[in-house]
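Worksheet: the structure to be examined is printed underneath.
Atoms within a ligand are numbered from 1 in the order they appear, just like the ligands themselves.
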Amino acid sequence: MLAEPTVIAPSPLRPEVWSNKRGGLCEALDYYNAYKGSIYTSGRIVRGVLLDGEADRLDIFSAQVIIASVGGGRIKENGVMVRTQDSADNSVGIESVFRTWEARTPVAIIAGKNHPKYPCTPPAVYAVLDFFHITNVWKEVELTARGQFVKVWRIRFEKVDLNKISWWQPNGLHISDASAAPIPTVKACDHCQVQSVQVFSKVWTCLNHSCEAYYSGLSDILARDPSSLVYSSAFINQRNPNPIALGSLPDLKPPMPDLIALGSHGTDLISRRGFVCQLCGCCNRRVYWSHLVCENKSCNFTQPAQIFPYPLAAIDNEIQLMGNFMARKSTRNGVNQNVLMGPLYDPYASVLNRHCLTTMNTLDICGYKVRQYILPDNMGRPIGSFTLFISNPNINAAVNGPTYMFNELERADIGLKRNTVAGGTEQYEGLSRHFQQNFGAKYKFAVSVQSKGFSEAHPVILMGLQRLIWAGKVAVDVTTQVLAVHAPHEHFPPPMGNDFNELLALGYRESDSIRYHDDGEKELGPTVAALSLGSPSTMKFRPKKAETGFDGIVKRNSLGDFDAILEVPMKHGDMMVMHGSRIHGIYEHSVEPRGERRFSLTSRFVDPAKMASDEDRAAARVNGAIPAAAAAYAYNGF
Ligand SMILES: O=C(O)CCC(=O)C(=O)O
Ligand SMILES: [Fe+2]
């Protein structure tokens, strides 16, 4: 049983580093990047340990010594986690603990607010204590709340810097001179000859759990009164020689990264890390594209992010690499091998399932190479089209063209931010990987995205909107004509109908991507168009898992998901149009940027008549109205 929490006073000292969000720790601290579990390892060495509600009766949380348990299966019983199994000797966690003990490297310890032995009022959900070194690791027998005996690993940590007052217990026992500390009894076992320290107050026992004499002398106490087993004060108060030079410790409170010195251009991985606020110590995630903002509501730290222009030569290089990747893939998939397939020969896609994609079309429209793929249902009936407008250097370099738009978006702050993913509490709140800002009518994406009216949008948004309206209409016209000749069918979607009244701007940094999803929200018109700016990406389609009609036509992977049936590159200046609402019932799509700075502008028609509230309808009318200023950017392909 865990001890009843007692009323404890706040400490007069504050932690240097803290967070109310697990994601804040993980994004800001190199020594704790684990979203799950209590141990963070890298290179198979423990860098950080998080101690929270799952503490045991014998765990110790004192000013300079921490004793914690690791491993063992637990289940939740009456709201409390109860151990049900012995801790394994060969788990990755315990092996890393032994390796760390041997390597004598520092371990940062973080206290969670639910630790039952917190010696002061927890100042935050998570508060970093300090760096510790491991002094002992041993296996103990513990009586669980279920009345079962299980074996658990215990680790004794000692603070590295014994001269620093511990904020969590400033009045606790601080021993600064190891030679002044008591020395616990150490004895060799008569049976196995292995030396064990006397950990318990009552009696010495052999702690070698593979020895027959393990726990000898304790079985009586365990059977009669296990709660009388407590640690010996000499064992707790001992101070071991510190193996770590203070000057070699990493920063407990890392400084703001010097991105210029690191050679960062501003959207690479090194620049995406969160940061520890130098004013208040809060661990922050990188939430905004163009700013660093402290997430502590009572702190006002904010700083513009350093994002330098991304050279077009770098984008060309990324296109080259993507081309190599896709060529290898298309050779493997046989996409370009089988010339006999005639009209299905496609030198562009790296995945193309010929049994699935029955019609394909290549056209020249206003300088764009336009490729169209018809998507079928599982009976082979066309349900929609995917049209790609492939741009070229002339189109990209034109006045108000893609290169101008890209450069403007690099400089402007259009409000891009990561939004919270539904479901989590504040403590475990998840953020989308990429950055978003919606314009026009409200669009409920997987996450709820803030929306601005087109009248307050940056001119680039209006330029994008005009281009997408043009591409949408052309793609729908081509689809209609092609199908009237080749595959007239009642299942095919109706024409576009309404102009777009919504535009979602997305920003992707290095290694961001958007996982498989559909754009099938019920309020949406049948057409979705997107303009790609900057780094290239690949877009994939696959039938949804439940579409069993595709079995035998499309392979499934080990998770049971279908393989992609189509994968195409989208490069700087390219546009794509998905037409046909049923596409989103049957298929899902994903986008994987293959470079370090990409913006996409996607437009849809969100039908006010299908919105949930009058308020949303009114907002859609106001925000979705295209302002007169947009006329300056009207686009007809040239
Ligand atoms: O980034 C893109 O090009 C498309 C993103 C997408 O699929 C979406 O916004 O739904
Ligand atoms: Fe999408």
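Close approach to Val591 involves these atoms of ligand 1, each under 4.0 Å from a residue heavy atom: 1 (O), 2 (C), 4 (C). Numbered from 1 in the order shown, with element, the atoms of ligand 1 that lie under 4.0 Å from a heavy atom of Ser600 read 1 (O), 2 (C), 3 (O). Listed by number with element, the atoms of ligand 1 under 4.0 Å from a non-hydrogen atom of Thr602 are 4 (C), 9 (O).
The Fe ion (ligand 2) has an N, O or S atom of Asp519 closer than 2.8 Å.
In terms of heavy atoms, Arg598 sits closest to Ser532 at NH2-OG, 2.8 Å. Between Ala305 and Arg286, the shortest heavy-atom contact is CB-NH2, 3.1 Å. Of all heavy-atom pairs spanning Pro254 and Ala28, the tightest one is CG-O, 4.1 Å.
Side-chain contact check for Glu521 and Tyr443: at least one donor-acceptor pair (N or O, by modelled atom type) lies under 3.5 Å.
Distances from ligand 1 to the non-hydrogen atoms of Met578 include no value under 4.0 Å. A heavy-atom separation below 4.0 Å is not found between His434 and ligand 1. Heavy atoms of Met576 come nearer than 4.0 angstrom to ligand 1 in no pair at all. Close to ligand 1: Met570, with a non-hydrogen atom less than 4.0 angstrom away.
When the heavy-atom distances from atom 9 (O) of ligand 1 to His517, Arg604, Met575, Gln436 are ranked, the shortest goes to Arg604.
Ring-plane geometry between His589 and Phe541 is classed as tilted, the angle between the planes lying from 30 to 60 degrees on a 0 to 90 degree scale.
Aromatic ring centroids of Phe275 and Phe301 lie under 6.0 Å apart.
Atom CZ of Phe406 is separated from atom CG of Leu409 by 8.5 Å, given to the nearest 0.5 angstrom.
In terms of distance to the Fe ion (ligand 2), the nearest N, O or S atom of His589 is named NE2.
In terms of polar-atom proximity, defined here as any N/O pair under 3.5 Å, Tyr443 makes no such contact with ligand 1.
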